[in-house]
2 protein chains.
Amino acid sequence: MLKAAAEMIDPLNRYPGYLLRRASLAAMVALATRLAPLDLRPGEATVLTVIEANPNSTQSDIGRLLEIARANMAPLVSRLASRELIERQPVDRRSHGLVLTRSGRSLVARIKAAFAAHEQTLLEKIPASHRNAFISGLQALAEKTSNGN
Amino acid sequence: MLKAAAEMIDPLNRYPGYLLRRASLAAMVALATRLAPLDLRPGEATVLTVIEANPNSTQSDIGRLLEIARANMAPLVSRLASRELIERQPVDRRSHGLVLTRSGRSLVARIKAAFAAHEQTLLEKIPASHRNAFISGLQALAEKTSNGN
DNA sequence: TGCAGATTGCTATATTATATAGCTATCGCC
DNA sequence: GGCGATAGCTATATAATATAGCAATCTGCA
C-alpha cells in the first residue's frame, strides 16, 4: 500500500511559492555541502565576502545588509575572530570595524571559488534563454519592502 | 559611522542562489503571516491540502511527497488530529489513511484561498512576460535528483 | 555644555525547522 | 515460517532565527 510520491497528486507543484521554497532548500543543501570542506556555514562564508568587499564595516552594518540580527551576529563574528580569519579594528569605544586577516583573505579566495562554482551549477539547470527573466524575477521577490532597517 | 545597508557593497546581489534564499525567506514570512489567523503554519496547511487531494494516504506517503521526515510528520499529524481537522482511518494494523473531517474540509477551503492570494501576490511582482520563464526555472532547480526516496 | 535618546555588542533564551537514532509492532514476500 | 523492510513514534541534536534586556557609549539638540 506504499504510495510512491510520484503517484500522488501534488496540488502545489505549480505554485511559485512552493517551488521557491523547494528550490531554495535544494540550493542551500548543495552550498552547505560545498562549503563543508572549508568548515564554514553559508552565513559565515557570506559574512566573510561582505567584509572583503566592505572592510572596516561594523558587525551591525553587516547585519543590516544581510538581515542577520545583531544578537546572532555576535557569536558568528566571534567564531570567525577566534579562527583568526578576521580582526576587529577599533572605530570608537563602542564598535569596531572588521577586516580580514591574511588567512581570512586566502580563505575568501576559496569561498569565492566555491560560490562561483555553486552559482554556475544552479545556472546550468536553467536554459540560457530564461536566465535573465529568472534572475530578475528573483530580484523582484527578494526586494526589501522599503523599510529603512 | 553607521552605514546604511544601501551604501554598502553587496557582492551577492547578482547571485541567483543568494537571491533565491532571500526571495524564499520573504515569501515564507508573508505566507506564515497570511496563515496565522487560521492558526496554521505553512507545513501544516500544505499537509492538509495534500490530504484533500490524496485522501487515505498514509503520513509516510505524504512525508515522501513533501520531503518531511517521518519523525517530523508524527507530531504534525497528531496536532491536526487533536484539532479534529483530520481523522485516521485504519488501513492495516500498522498504518492508517488520513482524511479530512468536516471542519478540516472547511478549513482547507480557507487555506486554498490563502494560498491563491499568496501566489497571486508573488506573481504580481514579476512582469507577465517573465512569469513562465521564472516558474520553469524554479521547477528546474526544485527538481529532485532522481533518487527514489 | 549637558542630557535624553539612540546605538553597539553581547548574553540568555525561545521558537521553529530539520535531522538522526532507535524502538516496537506489523507487513510483504520468498 | 521467518527475514528484511516499513509505519508510527519518542527522544534528541543541530541550526537558523527572533525577542528581551543590559551596560557602555555615542549623537544631536536644547
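Within every chain, numbering begins at 1; the chains are lettered A, B, ... in the order of the sequence lines, protein sequences first and strands thereafter. Keep in mind that what you see is a predicted model, and the values were worked out from it rather than measured. The figures that follow rest on heavy atoms only: side chains count, while hydrogens, waters and symmetry mates do not.
Heavy-atom nearest nucleotides on DNA chain C were determined for B:A69 and for B:P42, and the one closer to the 5' end corresponds to B:P42. Where A:N72 and A:H96 each meet DNA chain C at their nearest nucleotide, the meeting point lying more 5' is that of A:H96.
Dense packing is recorded around CG of B:N13, with more than 12 heavy atoms of other residues, nucleotides or ligands lying under 6.0 Å away. More than 12 heavy atoms of other residues, nucleotides or ligands shown are found within 6.0 angstrom of CZ on A:R79. Other residues, nucleotides and ligands contribute over 12 non-hydrogen atoms within 6.0 Å of the CD atom of A:E124.
Residue B:R79 contributes atom CZ, which lies 14 Å from atom C1' of C:dA17 at whole-angstrom precision. Atom-to-atom, CG of B:L80 to P of D:dC9 comes out at 12 Å; the value is rounded to the nearest Å. The interatomic distance linking A:R70 (CZ) with D:dA23 (P) rounds to 15 Å, in whole Å. Rounded to a whole Å, the CD atom of A:Q59 is 10 Å from the P atom of C:dT11. Nucleotide C:dT7 holds its P atom 17 Å from the CE atom of A:M73, rounded to whole Å. When rounded to the nearest whole Å, the span between CG of B:D92 and P of D:dG8 equals 9 Å. One interatomic measurement links the two molecules: CG of A:L25 to P of D:dA15, which rounds to 15 Å at whole-angstrom precision. Note: CD (A:E67) to C1' (D:dT19) measures 17 Å, nearest angstrom.
Using a 4.0 Å cut-off between a side-chain N of Lys or Arg and a carboxylate O of Asp or Glu, A:R14 and B:E119 do not qualify as a salt bridge. The pair B:K125-A:E143 does not count as a salt bridge, with every side-chain nitrogen at least 4.0 angstrom from each carboxylate oxygen.
With hydrogens and angles left out, the side chain of B:R94 and the base of D:dG8 share no donor-acceptor pair within 3.5 Å.
Between A:R64 and C:dT8, a side-chain N or O to OP1/OP2 separation shorter than 4.0 Å is present. For C:dG9, the OP1/OP2 oxygens have a side-chain nitrogen or oxygen of A:S60 closer than 4.0 Å.
Using a 4.0 Å heavy-atom cutoff across all strands shown, A:R93 reaches sugar-phosphate atoms only and no base atom.
For A:R41, taking side-chain heavy atoms from C-beta onward, the closest of the listed nucleotides C:dA21, D:dA15, C:dT18 is D:dA15. Nearest nucleotide to the B:A71 side chain, out of C:dG9, C:dT20, C:dC10: C:dT20.
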